[in-house]
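First up is the structure itself, then whatever we jot down about it.
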Amino acid sequence: MDQVYIEDISKYVGQEVTVKGWLYNKRSSGKIRFLLIRDGTSFIQAVLSESDVPNKIFQLYDKLTQESSLIVKGVVRKEERSPGGYELSLKDIKIVQIAEEYPITPKPHGITFLMDHRHLWFRSSRQHSILRVRSEVIKACRNYLDERGYVLIDSPILTPAACEGTTTLFETDYFGEKVFLTQSGQLYLEPAAMALGKVYCFGPTFRAEKSKTRRHLLEFWMVEPEVAYAELDDIMELAEDFVSEIVQQVLRTKSKELQSLGRDLRALEKIKPPFPRISYDEAMEILKNKGIDFSWGGDFGAPEEDTISQCFELPVMIHRYPIQVKAFYMEPDPQRPEVALCVDMIAPEGYGEIIGGGQRTASHDYLLKRIKEENLPQEAFRWYLDIRKYGSVPHSGFGMGIERVVAWLCGLEHLREAIPYPRMLYRIYP
RNA sequence: UCCUCAGUAGCUCAAUUGGCAGAGCAUCCGGCUGUUAACCGGAGGGUUGUAGGUUCAAGUCCUACCUGAGGAGCCA
């Protein structure tokens, strides 16, 4: 294809090239006219001079509307007056389609309007940056785990029962049987870890909570490693190394995008192991010193998490929560059976919990006892109990929410911009 | 489910104590040989979310409902 992408334009100075794209904006001063063209990779300003092109081409400017698709030919020049430093002196314009009046003008819009036009909002440069960072975060997760010998195990989306029993699930019909959209692949990953040692899953998860906040989505993506023979300390080490590598890879490859989002890169450059590790009890001490009254046994809410994370520049790992606020499969601490061998990682700057995980119980009898205590359907978990009957070993894993990481790295106000098509309370369109 | 706030032109917003419905952008017409969310002149564009109520008079006050936003609980 006879086409040059704008991101490569600096290699073609002095040459005539073809660019295929869309009109982002246009400006005119009468005899000299400027087209701001985007092609998905970047933007470039193209110039039409009345003295340089046939009148027929020059007049096409008048017809062009925002987001009209066009193929242009022109000579690449270095030009300081042009945004981006390079400019195209146009020789020819071929209009592919004249766009209808485009709803998203280069002026401010409200969030409702933009969310209703999410399919078009992608075309603005801020969204380009966020979507590229998201793509890189996902690539970094896969790179990290693939390079270390983890096997990708795809967990099912349709599941017969709750993974954790606590969260509200989306229900659907399975030929007359009630089934649910998965809220975690973890239960299905544990058998795979017993088979292959180090495994992970990566997929969408669903929570039917009527959450209406900037840090919740009904559908979000989660990466979940699970490791046989790993104990709590091992998985905490993995979590901090994993997060650090992702942050550093994004910094290496997407610093231009982060800067265009106005992100302070210095804060991200500090994200390297070791991360602070505090116990639930120590976290309570911090809260007490900050004047927040909190009684032992409860789970931390957003205000508590924010207060704790503000004390650290790095993500902070809080471990050993009371057993009653955590899921039924958590291994109790042999030194203190009232706390679980679990860990949550709280991102800095108020971005909330990005990782939740821990050590899963290896004991068949303890697991069965917990299933009964939580009134979970025992029959549905028979396969899960089987894993504790045939060569049971300590094993641990965690889940990391992709959108929360993207929001943190990009410095977004709201999770909805961290996923292409957010699914939120009262919003399923587009 | 609960609490708070908002709904006026295609978009973003204004409208004094209840007193003629306004501006910028977008669109259309005209001008400008280096524009930078260009600029300058002109034009068209309205059942003020819906239904009631108070009043000589309601975008503005009251009631109900609808829609959306922010937060709580819950979580990654």
Side-chain angles (χ1 to χ4, degrees), chain A residues 24-36 43 45-52 58 61-63 65-67 77 79-85 87 89 99-117 120 124-125 163-164 166-169 183-186 204-224 239 243 298-306 325-327 343-347 351-357 398-408 413-416 418-419 424-427 429:
Chain A
Y24 195 70
N25 200 358
K26 65 176 188 178
R27 295 182 276 269
S28 166
S29 180
K31 302 286 183 349
I32 183 161
R33 297 170 168 187
F34 301 92
L35 305 177
L36 194 56
F43 298 79
Q45 177 167 283
V47 192
L48 269 176
S49 303
E50 191 173 35
S51 46
D52 292 354
F58 189 73
Y61 173 93
D62 294 325
K63 287 194 189 171
T65 55
Q66 191 188 350
E67 286 303 319
R77 286 195 344 271
E79 172 58 78
E80 281 188 7
R81 289 172 292 185
S82 171
E87 194 170 72
S89 298
E100 291 180 27
E101 191 177 331
Y102 191 67
I104 304 180
T105 58
K107 291 285 171 188
H109 297 281
I111 192 62
T112 304
F113 181 81
L114 289 170
M115 288 305 300
D116 286 342
H117 295 85
L120 301 176
S124 53
S125 60
C163 292
E164 309 192 359
T166 52
T167 316
T168 322
L169 301 175
Q183 61 164 326
S184 165
Q186 182 212 316
T205 50
F206 307 87
R207 307 274 165 98
E209 294 286 348
K210 293 207 167 177
S211 295
K212 200 169 157 47
T213 79
R214 67 181 72 192
R215 40 166 60 143
H216 288 88
L217 295 169
L218 301 185
E219 179 183 307
F220 65 95
W221 286 68
M222 189 153 67
V223 57
E224 296 174 86
V243 169
D299 202 358
F300 297 136
E304 288 83 19
E305 278 183 4
D306 286 353
V325 300
K326 289 293 170 180
V343 59
D344 284 355
M345 187 189 289
I346 315 295
Y351 283 94
E353 188 181 338
I354 51 174
I355 278 180
F398 62 80
M400 186 181 83
I402 296 301
E403 289 75 18
R404 289 206 181 155
V405 171
V406 172
W408 167 41
E413 290 266 309
H414 200 299
L415 233 44
R416 66 187 156 213
I419 187 167
M424 297 181 297
L425 195 57
Y426 311 128
R427 179 170 288 284
Y429 177 91

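Chain letters run A, B, ... following the sequence lines, proteins first, then strands; residues in each count from 1. Note: hydrogens, waters and symmetry copies are ignored here, and every other heavy atom, side chains too, is used.
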What's touching nucleotides 12-15 of chain B from the protein side, N or O pairs under 3.5 Å?
unit_1, atom_1, unit_2, atom_2, d
B:U12, OP1, A:G110, N, 3.1
B:U12, O4', A:P108, O, 3.3

Go ahead and name the base partner of B:C11; Watson-Crick or wobble counts if both distances stay under 3.5 Å, otherwise write none.
B:G24
B:A58 and B:U16: how far apart are their C1' atoms, nearest whole angstrom?
16 Å
Angle class for the A:H109/A:F113 ring planes (parallel below 30°, perpendicular above 60°, tilted otherwise)?
parallel
Under 3.5 Å, is there an N or O donor on one side and an acceptor on the other linking the side chain of A:R27 and the base of B:C32?
no
Between B:U35 (P) and A:E79 (CD): distance, integer Å
11 Å
Interatomic distance, A:M424 CE vs B:U67 P [rounded to whole Å]:
16 Å
Scan A:I355 against the nucleic acid and name what it touches under 4.0 Å (heavy atoms): base, sugar-phosphate only, or nothing.
sugar-phosphate
Hey, does A:T65 reach any base, or is it just sugar-phosphate, or nothing, if we go heavy atoms under 4.0 Å?
nothing
Take the protein atom NE2 of A:H117 and the nucleotide atom P of B:A26, then report the distance between them rounded to whole Å.
17 Å
Protein-nucleotide distance (A:W221, atom CH2; B:A76, atom C1'), rounded to Å:
15 Å
Pairwise C1' distance for B:A15 and B:U48, with rounding to whole Å:
11 Å
Between B:G44 and B:A26, how far is it from one C1' atom to the other, in whole Å?
13 Å
Between B:C25 and B:G42 - P atom distance, rounded Å
12 Å
Taking the same atom, C1', in B:G18 and in B:U54, what whole-Å distance lies between them?
11 Å
Atom C1', compared across B:A14 and B:G59: separation rounded to whole Å
11 Å
Please classify the nucleic acid contact of A:Q45 as base, sugar-phosphate, or nothing, using heavy-atom distances under 4.0 Å.
base
Between P of B:G45 and CD of A:E101, the distance in whole Å:
15 Å
At 4.0 Å (heavy atoms only), tell me whether A:E87 reaches a base, stays on the sugar-phosphate, or touches nothing.
base
Looking at A:F220, I'd like to know if the NZ or CZ of A:R207 sits under 6.0 Å from its six-membered ring centre while staying within 45 degrees of the ring's axis.
no
Distance, P atom - from B:A6 to B:A76, rounded to whole angstrom
35 Å
Please state the P separation for the pair B:A51 and B:U60 - nearest whole angstrom.
13 Å
What is the distance, to the nearest angstrom, from the OH atom on A:Y24 to the C1' atom on B:A37?
9 Å
Checking all strands, does A:P83 fall into the base, sugar-phosphate, or nothing category for heavy-atom contacts under 4.0 angstrom?
base
Under 4.0 Å, counting only non-hydrogen atoms across every strand here, what does A:H414 touch: a base, just sugar-phosphate, or nothing?
sugar-phosphate
Indicate, with a heavy-atom threshold strictly under 4.0 Å, whether A:D299 touches base, sugar-phosphate, or nothing.
sugar-phosphate
With respect to the phosphate group of B:G70, does any side-chain polar atom (N or O) of A:R215 fall under 4.0 Å of OP1 or OP2?
no
In whole angstroms, how far is the P atom of B:U35 from the NZ atom of A:K26?
18 Å
Provide, to the nearest angstrom, the distance between the OH atom belonging to A:Y351 and the C1' atom belonging to B:A76.
16 Å
